[in-house]
Amino acid sequence: MGGRRIAVISAGLSNPSSTRMLADRLAAETVARLREEGVEVTVDVIELRDLAHDITNNLLTGFAPPALEAAINTVVSADGVIAVTPIFSTSYSGLFKSFIDVLDPDALTGTPVLIGANAGTARHSLAIDYAIRPLFTYLHAEPVSTGVFAASSDWGSSADDVAPLSARVERGARELAAAISRRPEAADADPFDPDTYLGKGRSFGHLLGGLSGE
């Protein structure tokens with residue numbers, strides 16, 4: 001079987017962050033599951049905090065600076081995506097949503113996605129299903145059934161013994177690995193092809209028309 005590529009989106013704001021910790025665990029477990037099936041896989045991690053200014057500039061101008069363009073290309077050409085965001089005000093972070101907003105609405109069609117989220121308490125765990133999952137469904141992506149939520153307590157001695165984080169990570173990773181295995185390999189996207197960042201069949205005229213409100 002050929003190699004596969006996973007894009008990991010981490011929307012943590014601090015360094016280090018529990019968001020990145022969760023993203024790394026999900027990625028490592030997914031890679032392990034795929035390699036059990038004889039599938040070679042590479043992982044590209046995108047730290048949105050490093051692209052925050054570029055994302056804002058793109059929202060204002062409609063054009064992606066090189067670093068952001070490379071990140072977008074990495075995500076839209078991946079065989080699978082792991083997307084992890086902290087929960088602010090019962091929903092995904094503004095930085096996470098802003099990055100999703102700069103993607104073409106059809107760019108993730110059919111792409112398997114493993115959703116992760118973290119917050120201070122388990123009270124926010126439902127945000128995965130009422131906020132984040134509908135976002136990827138709107139983009140025509142294919143979120144796997146298990147979303148993995150981690151509360152602050154999951155990283156300490158008071159972690160949940162009934163449904164430990166490790167078990168949730170393993171279940172979500174297995175589902176993503178299976179979805180990636182079933183999917184035809186993604187073709188490499190040409191970062192200089194306008195279809196990559198404008199959407200297939202669209203032109204700069206579409207973009208400028210959209211910015212002018214037409």
Side-chain angles (χ1 to χ4, degrees), residues 6-34 41 43-53 55-56 71 74-75 78 80-103 108 111-139 141-177 179-180:
I6 296 173
V8 179
I9 303 169
S10 174
L13 298 181
S14 59
N15 185 22
S17 71
S18 53
T19 301
R20 177 61 187 269
M21 289 170 57
L22 178 58
D24 287 344
R25 288 189 63 172
L26 292 170
E29 192 67 27
T30 304
V31 168
R33 300 286 75 79
L34 284 167
V41 58
V43 175
D44 294 299
V45 180
I46 299 164
E47 282 277 11
L48 296 187
R49 63 188 294 275
D50 297 333
L51 299 169
H53 292 292
I55 292 169
T56 300
T74 295
V75 171
V81 172
I82 295 172
V84 186
T85 177
I87 299 301
F88 296 151
S89 302
T90 73
S91 187
Y92 36 68
S93 72
L95 179 60
F96 180 82
K97 180 57 164 58
S98 294
F99 178 73
I100 297 300
D101 284 344
V102 303
L103 302 178
L108 293 179
T111 302
V113 178
L114 173 55
I115 299 169
N118 65 287
T121 71
R123 291 196 304 264
H124 298 296
S125 60
L126 292 178
I128 286 180
D129 287 323
Y130 70 67
I132 309 172
R133 189 178 299 279
L135 176 63
F136 284 102
T137 300
Y138 170 79
L139 295 173
E142 296 184 358
V144 299
S145 298
T146 298
V148 181
F149 179 87
S152 296
S153 59
D154 284 311
W155 305 105
S157 57
S158 58
D160 188 345
D161 293 327
V162 177
L165 178 60
S166 59
R168 286 173 270 149
V169 167
E170 181 179 359
R171 185 166 63 249
R174 285 188 181 279
E175 291 176 6
L176 180 62
I180 291 174

> If you take all heavy atoms of T19 and S10, which pair is closest and at what distance?
Replying inline: CG2-OG, 3.7 Å

>> Between N15 and R20, is the side-chain contact (heavy atoms from CB on, under 4.5 Å) condition met? List the steps.
In response: CA-CA 9 Å; N15 185 22; R20 177 61 187 269; over 6 Å; no

>> According to salt bridge (Lys or Arg N to Asp or Glu O under 4.0 Å), does anything in residues 112-132 pair up with another residue at least two apart or in another chain? List the pairs.
In response: D129-R133

> Quick one: CD1 on I180 to CZ on R33, what's the gap to the nearest 0.5 Å?
Replying inline: 13.0 Å

> Closest approach of T111 and A141, non-hydrogen atoms and distance?
Replying inline: O-CB, 3.6 Å

>> For the OH atom of Y130 and the OG1 atom of T90, what is their distance to the nearest 0.5 Å?
In response: 4.0 Å

>> The test is side-chain contact (heavy atoms from CB on, under 4.5 Å); show your working for I6 and L114 and say whether it passes.
In response: CA-CA 10 Å; I6 296 173; L114 173 55; over 6 Å; no

> Of the non-hydrogen atoms in G12 and S17, which two are nearest, and what is the gap between them?
Replying inline: CA-OG, 3.9 Å

>> Regarding R25 and E29, does a basic nitrogen lie under 4.0 Å from an acidic carboxylate oxygen?
In response: no

> Minimum heavy-atom separation for A71 to L51, with atom names?
Replying inline: CB-CD1, 3.7 Å

>> Tell me which pairs pass salt bridge (Lys or Arg N to Asp or Glu O under 4.0 Å) where either residue lies in residues 84-98, with sequence neighbours left out.
In response: K97-D101

> Given side chains that start at C-beta, do those of L22 and W155 come closer than 4.5 Å, heavy atoms only?
Replying inline: yes

>> Taking salt bridge (Lys or Arg N to Asp or Glu O under 4.0 Å) as the cut-off, I'd like each qualifying pair that reaches into residues 112-122, sequence neighbours left out, listed once.
In response: none

> Could you walk me through whether Y138 and I100 pass the side-chain contact (heavy atoms from CB on, under 4.5 Å) check?
Replying inline: CA-CA 11 Å; Y138 170 79; I100 297 300; over 6 Å; no

>> Restricting to non-hydrogen atoms, name the atom on A7 and the atom on V75 that form the minimum distance, rounded to 0.1 Å.
In response: CB-CA, 3.9 Å

>> Test side-chain contact (heavy atoms from CB on, under 4.5 Å) on V148 and L165; report intermediate values, then the result.
In response: CA-CA 8 Å; V148 181; L165 178 60; 3.9 Å; yes

>> If we ignore hydrogens and angles and just use 3.5 Å, is the side chain of R168 paired with the main-chain N or O of F149 as donor and acceptor?
In response: yes

> Distance from L176 atom CG to I115 atom CD1, nearest 0.5 Å?
Replying inline: 11.0 Å

>> Out of the candidates I128, N118, L126, I132, only one should pair with I87 under the side chain to side chain contact (heavy atoms under 4.5 Å, CB included) rule; please name it.
In response: I132

> For L26 and G116, which heavy atoms make the closest approach, and how far apart are they?
Replying inline: CD1-CA, 4.3 Å

> Is T85 reaching over with its side chain to a backbone N or O of S93, donor-acceptor style, under 3.5 angstrom?
Replying inline: yes

> Any side-chain heavy atom of T137 within less than 4.5 Å of one from P143?
Replying inline: yes

> OG1/T30 to CD1/I82 distance, rounded to the nearest 0.5 angstrom?
Replying inline: 4.0 Å

